[in-house]
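Read the structure below first, then the notes.
Quantities reported herein were computed from a predicted structural model and do not represent experimental measurements. We use all heavy atoms of the structure for the numbers below, so side chains are in, but hydrogens, waters and symmetry mates are not. Naming convention: chains lettered A, B, ... in sequence-line order (proteins, then strands); numbering from 1 in each chain.
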There are 2 protein chains.
Amino acid sequence: MEGKAKKILIADDEPDILEIVGYNLEKEGYEVHTAKDGIEALEKAKNITPDLIILDIMMPRKTGVEVCEILRSQPLFQDTFIIFLTAMSDEASQIKGLEMGADDYVNKPISTKVLISRVNALFRRINPKDTDKLIRIGEITIDPVKFLVNIKGEEMILAKKEFELVYLLASRPGRVFLRNEILSQVWGNDVIVGDRTIDVHIRKVRQKLGVDCITTVKGVGYKFDA
Amino acid sequence: MEGKAKKILIADDEPDILEIVGYNLEKEGYEVHTAKDGIEALEKAKNITPDLIILDIMMPRKTGVEVCEILRSQPLFQDTFIIFLTAMSDEASQIKGLEMGADDYVNKPISTKVLISRVNALFRRINPKDTDKLIRIGEITIDPVKFLVNIKGEEMILAKKEFELVYLLASRPGRVFLRNEILSQVWGNDVIVGDRTIDVHIRKVRQKLGVDCITTVKGVGYKFDA
DNA sequence: TTCCATGTTAACATTAAGTTTACACAAAGT
DNA sequence: ACTTTGTGTAAACTTAATGTTAACATGGAA
């Protein structure tokens, strides 16, 4: 194996379900957290930043759909996987959920086996998102907490977009980021900006950093390298 | 725009389903191929290497489950997404399918909307670059994530088409790729380019790589070998 | 409000990538 | 040996992507 255990948050108002599903997921090696309503789910989500959130649609205080909506509006949960548990097998709500950013559906009454299988299937193909940590590459340090870039001892402050751009590229040095990837990561999935916007920001960043550390891969995207 | 359209192969013995679902997926911007039984599905899968395969469980000649099993045993289809269409809502076969490597289930009778939503949801969270595999052949490494070719420790960057060409050939060392195959894989099925285009790119690649690893098979095509 | 920093767009310049052309060559068939 | 067919090569050419600049838009702070 590798890496740390995946964190899963289950939110459902029926204690039985929390217990049974929780038990089985833990047996599979996941780190399980539970919440008994929508508000608690949101709080715990913020605290533990789970890799997967399983939401009952029908919950007190906030429904699963509402919770999903709120989470998806925050960058932190942009890439978190969400599975809905629902008794409603009607098409409309399924579509609504999926288009809102849910990743899968499991209909109640739940079969633990099916759920576990789906969870496993889901994680089988994900590679975990890196946490917002300080990045150090050679002479360059990028500190997302202080919002600072340090080059050869000299500190400089970048504009928000500029910073997010460098941070993204530098988060995986050498890896090429497609223009779409950059767009969706830095600008968001629904925002529509012109073609040259990325270029201009790339240019600004290159200018400010002084060092030539961003390479263009024509027809593909950009990458950061030492 | 960006990258090529995702390729989807649908296999079902009911022509109606092929037509309706196919039509709708094409409308969503996917490149759709169809097959009417298991054997045809396997053949087409090999030819077009789809990004997603939608398999009816109940099909003549070979069932969807069998097709899935065969595909999954081949490295080429290790990471291809597979969705089952099934009338059987019984748990057992769902679990069997998921554990065999299917990525999702849609129960018949199919709702086109639900299927489309699921397909979109599936592609939405894939990071195309991370599913691409690094190729290592002897002294040569081809890294589609970093978009780099490394020969005996020396890194070099190729142009997009050049890279795609090497990557294709190197993905199956020794295997001969027909000129048609190369065209459809690297240039796409609808693009029309002259006869000498491939040659010229082959030449550029040979030049840049320095090493002589691409063999001409006259009257047939090209192959990559150590 | 006014100012300033940031973000976005548009227009144009520049460069790289891709394609075609034209011809030279080499192998296979006659 | 000669012709045919398919491939190699270089250079001219076309297309597409990115770089660059400047102007405009926006939103928050003074």
Quiz item: For nucleotides 25-30 of chain D, read 5' to 3', which letter fits each nucleotide if B means a protein heavy atom sits under 4.0 Å from the base, S means only the sugar-phosphate is that close, and - means neither?
Solution: ------
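- Applying the side-chain contact (heavy atoms from CB on, under 4.5 Å) criterion to B:Asp225, with sequence neighbours excluded, gives B:Thr215, B:Lys223.
- In this structure, A:Arg179 atom CZ and D:dT18 atom C1' are separated by 7 Å, rounded to whole Å.
- Here the C1' atom of nucleotide C:dA13 and the CZ atom of A:Arg203 are 13 Å apart, to the nearest Å.
- Partners of B:Lys36 by side chain to side chain donor-acceptor pair (under 3.5 Å), not counting sequence neighbours, listed by chain and number: B:Glu40.
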Quiz item: What string of B, S and - do you get for nucleotides 14-22 of chain C, 5' to 3', if B is base contact, S is sugar-phosphate-only contact and - is no contact with any protein heavy atom under 4.0 Å?
Solution: -BBSBBBBB
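- For residues 29-56 of chain B, the pairs satisfying ring-ring contact (aromatic ring centres under 6.0 Å, His included) are B:Tyr30-B:Phe123, with sequence neighbours left out.
- At the phosphate of D:dG19, OP1 or OP2 sits under 4.0 Å from a side-chain N or O atom of A:Tyr222.
- Residues satisfying the side-chain contact (heavy atoms from CB on, under 4.5 Å) criterion with A:Pro60, sequence neighbours excluded, are A:Asp13, A:Asp37.
- In this structure, A:Asp199 atom CG and C:dT9 atom P are separated by 12 Å, rounded to whole Å.
- Going from atom CZ of A:Arg206 over to atom C1' of D:dG19 covers 8 Å, rounded to whole Å.
- As a whole-Å value, the separation of A:Gln207 CD from C:dT6 C1' is 14 Å.
- What you find for A:Lys62 and A:Ile39 is that their closest heavy atoms are CG-CD1, 3.8 Å.
- Contact record, B:Asp12 with B:Leu18: O-CD1, 3.6 Å, taken as the closest heavy-atom pair.
- Judged as a side-chain contact (heavy atoms from CB on, under 4.5 Å), and not counting sequence neighbours, the contacts of A:Glu155 are A:Leu148, A:Asn150.
- Here A:Thr216 reaches the OP1 or OP2 of D:dG19: one of its side-chain N or O atoms lies under 4.0 Å away.
- Shown here are the side-chain contact (heavy atoms from CB on, under 4.5 Å) partners of B:Ala170, two or more places apart in sequence or in another chain: B:Ile135, B:Ile137, B:Ile142, B:Phe224.
- Listed by chain and number, the residues in a side chain to side chain donor-acceptor pair (under 3.5 Å) with A:Lys218 amount to none (sequence neighbours excluded).
- Remark: P of C:dA5 and CZ of A:Phe147 are 16 Å apart, rounded to the nearest angstrom.
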